[in-house]
Amino acid sequence: MTAFTIDRQRHVYSDSDTTALTPIWVDQLLNDVFQPLPPLWPLADFVAVNPWTNVSEQTLLEVHQSQQLICDSDLLPAWSILQQMWKRHGFTESHVFLAFEQLSQDPSFRVAWQRVLDLLSSLQTTCPTPPSNVRQYWTVSEYMDRDGSSSWSSHILNDVTRNCAAQLDEGQALWQNPWQSLSLFDAWRESAQRSRRMEWLGLTGFRRLVASLPMSPRLAIVQILGELAIPREQWAPFLKCQLATVYGWATYLKYQAEFATPPSPYDDLSGLLAIRLAYDLCLQRQFEVSTKKLFPSERARSNSKWLEESDEVNYDAKLRYLLMRASEIAYQQHLQMTLQPREKQSNRPHFPDDLLEAKPQHKRVQMVFCIDVRSEVLRRHLEAVDPCIETYGFAGFFAMPIEHVSIGEEGGVPQCPVLLKPLAVAHDHSKSTSVATATLSQRTREENWFRRCWSHFQKSALSAFAFVEGLGWTYAFQLFQRTSKSLFGKRISALGKHRHDIVVPSLLSSNSNNPNFSMQVDLAANLLKNLGLTQDFAPLVVICGHACDVTNNPYRAGLDCGACGGHSGAPNARVAAALLNRMEVRDKLAQRGIRIPNSTWFIPAVHHTTTDVVELLDLDNLPLTQEEHCQELQYWIEEASHRVREERVQRMGDCPANDVFRRSVDWSEVRPEWGLAGNSAFIVAPRSLTRGHNLEGQTFLHSYDHERDADGAVLELIMTAPMIVASWINLQYYASTVNNQRFGSGNKLLHNVTGQFGILEGNGGDLRFGLPWQSVFDGKSLQHTPRRLAVLIQAPRKRVQAIMDKHFAVRQLIQNQWVNLIVIDQGTWYQWTRDQGWTEFMSNSSC
């Protein structure tokens, strides 16, 4: 073993065995190992995450090929998915040829066209058999389990999970881990030296090995690698292979280290890696496994059979990547045909002819929605109900980066994208003059305390049996009530309408963290300017956030507003409307050139996405002059919501439109709504481009008019925040579809909440990452087509290019085709390709 000397001289990180083994070198090595990991947010703030957000300097195909070396991880659609798309004309031979032309610009993409043609001719009847994976790196336990005679990997993972769940628990466990104040590694050392579980399973000497490890996890990693005799140049991929076996826990610890408030003070990622290595070292000692078999040797690299198998695996990946790219081109061409002007289209199904004007001549209502794909359907039907309704799309936090503190709570939750930090704090206040805020807060705290005590009493080990036998029968009525709601589909709001009537969030507080008046004006101005709504205000302007209505669903936050950090957008809408209704704010806005007429009133609202009910909020402040307009608006909303339910329920099987109400309260329903499944495009353009077109609930719609954005600041904000968030959502759904076993959370029926922050499938295994299988699959076919997001921007190419050049992260996202960028410049469609830059995008008719 190489000595780990305490040499503080800085050395450049290198894989060479001749490089000095210093703490700085080890730090650089581990940073390289941990850097590709994505963060996993806890359930309460669950937001979509791109699993490959930290490797965007590579292409999807390159990441796929590198992952194949260290773990059984497939990042591309399976042949069965591609075959179904081919049979359903999701793409044609002409689309495959266009994809082939694009990808052939890369010298590393060597695929014979004749082989592609042979594949397409057989794809109608035969599903290709994927070649066996050619892994180069294995953990000791995985290598021992290869022939199926042992289950060490499962035993080790379950033991790691027990320790991680106990250490990271956030109040679910009644008996807390006595070492929870320590780091993960230290707590595990204390527990593992006392627990005989692994030794009972046959891992002799495990407790003695744990006791002999260094106190520092990084020193332990180096010591174990030395004893395993892993060559220095193999350390990085070998450690990545180790982390791949505890991927879920590693991603959650990545969140704890970089995004939690406050961040973890411990180096728990190194601790997790050291823990995982310790089990392998004990196995290697006991069974004398030759560690030379765990990584590729020179002999294996020169083996002709291995090289042939490796080439076949890479060829298989290139063919699947080619067909996936063809399906993306097919969708983009379909989108172009859909968005053609009226005179160029032979027919226009699903939409009346009188709704095809760019904008209504007389605006009676303006409604601002989140860019969420579920809003597209509602916006389309609202405009169909009455052409005088004008709709906008904007990130659902409505430029209000606030922390919302609910009544009776000491701390709040961030109501903004995870890429931003809250700038202001909005506290709930009592709306009643007879009930003070302090009194209401005290009542709420007492109720919450009682619920927690009662819950602990129900679950405690001492009272569980006595409780069930003595008081269990009293829950019969509650069970009947819940079941009857499911049967009769009672209409309810998951947010609690009574709560909206009692309290209102406000920025006006004595709290020193709240913004001053100037900041409030800035927030209001930013909303209107970035939205492009600075003139021609309608009598009513509705700011509509969204939230889901579901029961018994740990992933509820994943159906809420991602722009609000996985929470309801109602607080942001209420704060924004209150600011814009204040006369003092309007006076300051007028000085900045934004004049809101006295006859205009802003109404907050929330769109319940599971039931498509739109609830108008804070109507007790509505001026008498607006009551008639509001009644008319409510009629339009009811009609549009009914049409949306009729359209949306078609994806849910043979059931009536009102079945969505049953789904929202049915505690056994695994598919209350499809969420953002099917998302495929992000359109940044005026509503005139998309108004009157049926985009089938697959597009994020962000309002933008480049003629009102002279310096490009608004477009820069859109491309650096909402576009990235949309790509995260798209790639999470993609990953959960193509490989749910690794990047999803498996079967929802088997979910167990652990520590109040994550999900296990069953009673063990790894912490799950991503969406349940039921969120993308209806039992017969996929409800999400795995393809990367098409980003369509109507703006000058020079402006888009300047933003790409300025922001390296945005350029990588586009350059390496994690999103497919198309720009409409003076009516012509241009696409960005990795090797040729801007090229004119050809329509389907040109193929």
Side-chain angles (χ1 to χ4, degrees), residues 342 348 350-394 396 398 527-528 531-546 569 573 576-577 580-581 596-597 599-609 612-619 622-623 625-648 683 685-695 697 699-705:
R342 180 186 180 187
R348 299 191 50 82
H350 310 301
F351 224 81
D353 289 340
D354 59 353
L355 298 174
L356 301 176
E357 296 297 327
K359 288 185 178 180
Q361 297 300 315
H362 174 63
K363 295 183 283 288
R364 300 164 70 178
V365 176
Q366 291 163 326
M367 300 190 71
V368 184
F369 291 90
C370 181
I371 62 175
D372 190 285
V373 297
R374 292 165 291 186
S375 299
E376 183 273 325
V377 186
L378 180 58
R379 291 176 63 183
R380 171 163 38 92
H381 283 289
L382 275 168
E383 292 166 346
V385 169
D386 195 300
C388 292
I389 299 176
E390 185 177 32
T391 67
Y392 291 81
F394 194 75
F398 304 118
L527 168 58
L528 297 177
L531 182 61
L533 181 59
T534 57
Q535 57 187 4
D536 299 327
F537 291 90
L540 284 181
V541 180
V542 179
I543 302 177
C544 188
H546 66 89
L580 292 168
N581 284 330
I596 302 174
S599 58
T600 294
W601 190 258
F602 290 83
I603 299 178
V606 60
H607 169 207
H608 300 290
T609 54
D612 286 304
V613 171
V614 177
E615 184 182 352
L616 301 181
L617 308 176
D618 300 337
L619 295 181
L622 188 72
T625 55
Q626 297 287 3
E627 287 187 353
E628 184 176 348
H629 289 129
C630 187
Q631 291 175 0
E632 189 175 36
L633 172 61
Q634 288 177 317
Y635 167 77
W636 291 335
I637 288 174
E638 279 290 326
E639 178 61 26
S641 295
H642 177 70
R643 297 184 186 185
V644 173
R645 287 190 287 272
E646 287 186 328
E647 176 180 330
R648 195 162 58 84
I683 301 179
R687 181 56 171 160
S688 57
L689 178 69
T690 56
R691 184 180 173 92
H693 300 283
N694 184 357
L695 299 176
T699 56
F700 300 93
L701 296 179
H702 201 302
S703 297
Y704 174 70
D705 187 346

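Quick note: numbers below take in every heavy atom, side chains included, and nothing from hydrogens, waters or symmetry partners.
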Looking only at non-hydrogen atoms, find the nearest pair between [X] and [Y] and report the distance.
X	Y	result
Ala573	Gly545	CB-N, 4.1 Å
Leu382	Ala640	CD2-CB, 3.6 Å
Arg380	Gly697	NH2-N, 4.2 Å
Gln626	Leu622	CB-CD1, 3.8 Å
Arg364	Asp386	NH1-OD2, 3.6 Å
Cys630	Ile603	SG-CD1, 4.3 Å

* What pairs with Arg379 under salt bridge (charged side-chain N to carboxylate O under 4.0 Å, His left out), at least two apart in sequence or on another chain? -> none
From [X] [atom1] over to [Y] [atom2], what is the distance, rounded to the nearest 0.5 angstrom?
X	Y	atom1	atom2	result
Ile637	Asp612	CD1	CG	12.0 Å
Ile371	Ile683	CD1	CD1	11.5 Å
Asp372	His607	CG	NE2	8.5 Å
Cys370	Phe398	SG	CZ	6.5 Å
Trp601	Leu540	CH2	CG	10.5 Å

* His702: what forms a ring pair (Phe, Tyr, Trp, His ring centres under 6.0 Å) with it, not counting sequence neighbours? -> Phe394
Given 3.5 Å as the limit, does a donor-acceptor pair link the side chain of [X] with the main chain of [Y], or not?
X	Y	answer
Glu376	Asn694	no
Thr600	Ala538	yes
Ser703	Tyr392	no

* Salt bridge Glu647-Arg643, side-chain N to carboxylate O under 4.0 Å -> no
Listed partners of [X] passing side chain to side chain donor-acceptor pair (under 3.5 Å), at least two apart:
X	value
Thr690	Arg687
Gln634	none
Glu627	none

* To do: Please examine the side chains of Leu533 and Val541, heavy atoms only from C-beta on, and report whether any two atoms are closer than 4.5 Å.
  =>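 SC-SC contact between Val541 and Leu533 confirmed.
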* To do: Could you walk me through whether Leu528 and Leu580 pass side-chain contact (heavy atoms from CB on, under 4.5 Å), step by step?
  => CA-CA 10 Å; Leu528 297 177; Leu580 292 168; 3.8 Å; yes
* Asked: Taking only residues two or more places apart in sequence, or in another chain, which ones meet Ala576 in a side chain to side chain contact (heavy atoms under 4.5 Å, CB included)?
  -> Met400, Leu527, Ile543
* Asked: Does one side chain, of His642 or Glu638, offer a donor that lies under 3.5 Å from an acceptor on the other?
  ->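 Their side chains do not contain a donor-acceptor pair, so the 3.5 Å distance test is not met.
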* Derivation and outcome, side-chain contact (heavy atoms from CB on, under 4.5 Å), residues Leu633 and Leu616 -> CA-CA 10 Å; Leu633 172 61; Leu616 301 181; 4.1 Å; yes
* To do: Given side-chain contact (heavy atoms from CB on, under 4.5 Å), test Val614 with Ser641 step by step and report yes or no.
  => CA-CA 7 Å; Val614 177; Ser641 295; 4.1 Å; yes
* Could you point out which residue of Gln366, Arg691, Glu383 forms a side-chain hydrogen bond (donor to acceptor under 3.5 Å, both in side chains) with Thr391? => Glu383
* Test Met367 against Trp636 for side-chain contact (heavy atoms from CB on, under 4.5 Å), laying out the working first. => CA-CA 12 Å; Met367 300 190 71; Trp636 291 335; over 6 Å; no
